[in-house]
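What follows is a short report on a single structure.
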Amino acid sequence: MAKEKKGVRLEHISKIYKDPKTGKDFYAVKDSNIEIKPGSFVTLLGPSGCGKTTTLRMIAGFESPDEGEIYLGNEPINALTPNKRDTAMVFQSYALLPHYNIFDNVAYGLRIRKMDKDTIKEKVTNILKLVGLEGMEGRMTNQLSGGQQQRVALARALVIEPGVLLFDEPLSNLDAKLRVTMRTEIRRIQQEAGITAIYVTHDQSEAMAISDQIIIMNKGFIAQIGTPQEIYYHPVNKFVADFIGEANFLDGVIESKTGSDAIVNVNGHRIEVVDADKFSTGQAVTIVLRPEGAVVADEGQLPCKVVLSTFMGSYQNYHVMVGETLVKITDFNPKSKKIYQVGDTAFVRFEKENLHLL
Ligand code: ATP
């Protein structure tokens, strides 16, 4: 449906703002280099204030970069106003026209572009079918639920067939259940429309569920770019590991190496790890262990003491102390397993493939 799938490239993009408290300039976005492939779904993810919205607004043209260049396809777009860019934005607030019905809201952008009536009718009808609002053309937008309003907002953006669709936290005004439904819908629609999408959220599960690539931002910098699996299994630092999912951190020292395998000494216990190419013998390292990557058992690599043991249905939630370090473990299928109680001594057991070195 889209005219042409377009990629987006940010080259050394920075944005400087004045801090209203101190009056000093600071980088809201610093030396950002991003390459977004045509047709892919890319999410900007990070804590509040990390520069996600600023990045998106610079791509849309609502803010201009202080350094660097943005390209849409092969075209540099810094000098273009928002309406001259081949982008459309879906806002958190929906930004619908309140006294118009659904049809007129969606048709608005096409009328501005002076399309003929029949083409408008055909395009609006097709888009409403795509977003699941077929037959609701005459409904006023103030009579719609939040989810329906968001579908109208999406239809308005899609109908003009932009090269790139931009989303600024589009689901934050919806309740938790609807957010999950709508994110699946957004992903389906993006794939059916075959359009490039850039999506801002601070919700990591939303990002994981819909993205081809996730860009993790922290304090104006890009911390990591990768697929959800790369980011989850191979975080580049503690910030990323902690921000995406839950993570346990075990500090140790590389005792020896054989090829890309290594032995890490953690509190006097020797732990086998894989993929240790980047590290050398004697180096201090941190092992990242996801809660679902370990179990509590009678035998294992690290002796521990259970300090919390809670039945959660699909898993037993353990907190155990390994020396002075708290380790969280989600042990699945507890029905078929021995359950350890608070005060028990046991072991943390894991496969070496479940460990990641930082
Ligand atoms: P959130 O999730 O809270 O929306 P964000 O990651 O989208 O956060 P931005 O809105 O991009 O963050 O803001 C980045 C930084 O720039 C923040 O410190 C913010 O306070 C600051 N900022 C944003 N807009 C302006 C502005 N117009 N003037 C001054 N500072 C600004």
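Both backbone and side-chain heavy atoms feed into the values below; hydrogens, waters and symmetry mates do not. Sequence positions, counted from 1, serve as the residue numbers for this chain. Remember, it's 1-based here, ligands and their atoms both numbered in the order they're listed.
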Fill in: Whether K15 lies under 4.0 Å from ligand 1, heavy atom
no

Discussion item. Any atom of ligand 1 sitting under 4.0 Å from a heavy atom of G46?
Written reply: no

Quick check on contacts: which atoms of ligand 1 are under 4.0 angstrom from a heavy atom of [X]?
X: P47; result: 6 (O)
X: E169; result: 2 (O)
X: K18; result: 29 (C)

Under 3.5 Å between any N/O of [X] and any N/O of ligand 1: does that happen in this structure?
X: S48; answer: yes
X: H202; answer: no
X: P20; answer: no
X: A28; answer: no
X: G49; answer: yes
X: T54; answer: yes

At what distance is the nearest protein heavy atom to [atom], and which residue and atom is it?
atom: atom 27 (N) of ligand 1; result: Y17 CE2, 3.7 Å
atom: atom 2 (O) of ligand 1; result: K52 NZ, 2.9 Å
atom: atom 20 (O) of ligand 1; result: F26 CZ, 5.0 Å
atom: atom 7 (O) of ligand 1; result: T53 OG1, 2.5 Å

[X]-[Y] side chain donor-acceptor pair, cut-off 3.5 Å:
X: T141; Y: Q149; result: no
X: Y199; Y: E206; result: yes
X: E67; Y: H12; result: no
X: D116; Y: T119; result: yes
X: T286; Y: D251; result: yes

Worksheet item: Do K37 and D212 meet the salt-bridge criterion of a basic N to acidic O distance under 4.0 Å?
Response: no

Worksheet item: Would you call the rings of H356 and H234 parallel, tilted or perpendicular if under 30° counts as parallel and over 60° as perpendicular?
Response: perpendicular

Worksheet entry | Plane angle bin for F91 and F62 - parallel if under 30°, tilted between 30 and 60°, otherwise perpendicular | tilted

Worksheet item: How would you list all residue pairs meeting salt bridge (charged side-chain N to carboxylate O under 4.0 Å, His left out) that involve residues 315-332, not counting sequence neighbours?
Response: E246-K328, D331-K337

Item to complete: Would you check if D104 and R111 make a side-chain contact, meaning some heavy-atom pair closer than 4.5 Å?
Response: yes

Worksheet entry | Per-atom contact, atom 29 (C) of ligand 1, protein heavy atoms, under 4.0 angstrom | yes

Fill in: Region of M217 that comes within reach of ligand 1 [heavy atoms, distance under 4.0 Å]
neither

Worksheet item: Counting only N and O atoms by type, is there a donor-acceptor contact under 3.5 Å from the side chain of T201 to the main-chain atoms of D203?
Response: yes

